Amino acid sequence: MRRVMSRVSVMAVVAVSILGAGNFNAQAEKDRKALEVYMLKKFENPLKNRNAYFPYATDDELKNNIQPVKKVEDFRLGSYAFNKGGLEQYNELNEMPPYEDAIDEGEELYNKKFKNGKSLKSCFPNPEIAGDYPKFDDKKGEVVTITSAINDCLVANGEKPWNMKKGKIAKVEAYFASKSKEAGKKVNIQINSKAAAEAYERGKKEYYTQRGYLQLSCANCHVQGAGQRVRKEYLSPLIGHTTHFPVYRLKWQGLGTLERRLGGCEKNQGEKPHKPNSKWDKELLYFMAYMSNGLPVDGPDIRK
Amino acid sequence: MADKKRVLVSALIGGLLTVAVSAGGNADLVKQGEKIFNTKKIGNCLACHDANGKKINNPGNLGPKLQGLSAWPAEALYAKVYDPYQGNPISAMPAFGKNGVLDDAQIKAVVAYLKTIK
């Protein structure tokens with residue numbers, strides 16, 4: 001009798017915990033797993049999977065350039081996970097990483113005193129936080145990205161906010177990313193409330209919505225299009241898109257944040273980019289980062 | 001009678017003239033279409049398409065290599081470029097006409113060029 005009772009009460013506790021905290025990410029987790037299965041299947045054997053995933057690729061590139069991807073972690077490399085020719089170039093560039101000074105400058109900015117004697121360090125005592133953002137702030141009822149969090153800290157301390165695309169903010173983020181990477185941190189996006197789950201859903205909807213005068217969606221290029229080419233550029237998969245920012249881009253001749261990159265891709269769609277501090281950008285990034293949950297933090301990095 | 005003949009002759013000349021003009025116009029149209037196809041700020045078709053028998057500078061493969069289009073009716077090509085979702089609701093190809101990227105004259109030029117793709 002006692003045994004039965006206790007089993008019943010254990011089940012009751014389990015049921016409560018499923019209904020309570022921890023269940024708000026159920027849909028997101030389902031989406032993430034489905035995307036992982038899709039990408040791993042797509043890149044398991046590109047030549048064999050031609051009909052399903054690479055209908056317009058040449059035999060030559062399927063045989064000689066698009067390599068199988070075995071582990072989901074490899075997608076943090078973006079298109080270099082499968083683009084053999086590109087990877088060689090990438091490895092060469094990484095022998096002398098052009099972002100090293102930026103990491104040091106970021107550390108200085110992190111410790112530098114504000115006029116009121118505090119610093120970014122007062123707001124972010126632990127710099128190993130690159131994988132924890134974006135977060136949903138239940139008090140404010142909105143998504144906070146690492147970029148907006150840095151500016152919030154500045155403003156709260158009577159300082160002027162920084163440009164959210166490049167410059168000082170990118171350097172501080174480079175420092176956060178490199179500390180997080182050194183510590184072996186993983187992307188760890190939380191969805192802990194109904195409001196957070198709704199923000200995630202809105203971000204997801206935007207990702208799959210065709211827009212701009214070209215009526216392309218992000219997914220056209222980075223889900224279905226991943227592994228295909230726009231001109232000679234291989235398209236990287238959505239999984240792994242947020243793991244390694246900020247990036248030093250040859251095209252920019254400098255570091256840029258995720259927000260900066262988003263703006264460029266919105267232009268690809270034929271759309272006027274949203275503002276980096278907009279709800280739109282933040283919720284989109286919340287969705288995108290969740291899709292990389294569990295992948296190692298790998299920034300800063302370099303891209304063409 | 002002589003009058004009638006004169007009318008006929010001038011009609012014939014007129015007809016020949018139209019043909020000649022449209023042949024010259026067609027070559028121009030094809031050229032114009034080719035430019036739209038290959039220019040980033042206009043059609044930018046090469047971002048996604050190679051074209052059989054043409055020299056295209058680094059074409060993408062988000063879309064198929066275009067071939068055999070000379071056999072397509074001009075209306076079908078026009079429709080494809082105007083609004084690919086008509087034939088394929090999940091196409092990743094932009095609707096150049098419907099979304100106002102290319103106007104009627106530009107699409108006609110693109111179609112003239114597409115008709116030269118074997």
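First the proteins, then the strands, lettered A, B, ... as listed; each starts at 1. Just so it is clear, the structure is predicted and the values come from calculations on it, not from any experiment.
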- Item | Check ion pair A:E201-A:K204 (N to O, under 4.0 angstrom) | yes
- Task: May I ask you to say whether B:E34 pairs ionically with B:K31, meaning some side-chain N is under 4.0 Å from a carboxylate O?
- Result: no
Largest heavy-atom contact set with chain B, pairs under 4.5 Å, which of [options]:
| options | value |
| --- | --- |
| A:Q269, A:E233, A:R229 | A:R229 |
| A:R231, A:Q215, A:K232 | A:R231 |
| A:V230, A:L235, A:N220, A:T58 | A:V230 |

So for [X], is it side chain, backbone, both, or neither that comes closer than 4.5 Å to the heavy atoms of chain B?
| X | value |
| --- | --- |
| A:Q224 | neither |
| A:E61 | side chain |
| A:L216 | side chain |

Just by distance, no angles: are the side chains of [X] and [Y] close enough, under 3.5 Å, to form a donor-acceptor pair?
| X | Y | answer |
| --- | --- | --- |
| B:Y78 | B:D104 | yes |
| A:D301 | A:Y90 | yes |
| A:D31 | A:Y290 | no |
| A:S292 | A:H241 | no |

- Message: Counting only non-hydrogen atoms closer than 4.5 Å, can you tell me which residues of residues 38-55 of chain B sit against chain A?
- Response: B:L46, B:A47
- Item | A:L295: which of A:T243, A:D74, A:T242 passes side-chain contact (heavy atoms from CB on, under 4.5 Å) | A:T243
- With B:K115 as partner, the option from B:V30, B:L77, B:L69 fulfilling side-chain contact (heavy atoms from CB on, under 4.5 Å) is B:L77
- Message: Quick check on the interface: out of B:P64, B:P94, B:P59, who has the most heavy-atom pairs with chain A under 4.5 Å?
- Response: B:P64
- Query: Which atom pair, heavy atoms only, marks the closest approach of A:C218 to A:R211?
  - Reply: SG-NH1, 4.2 Å
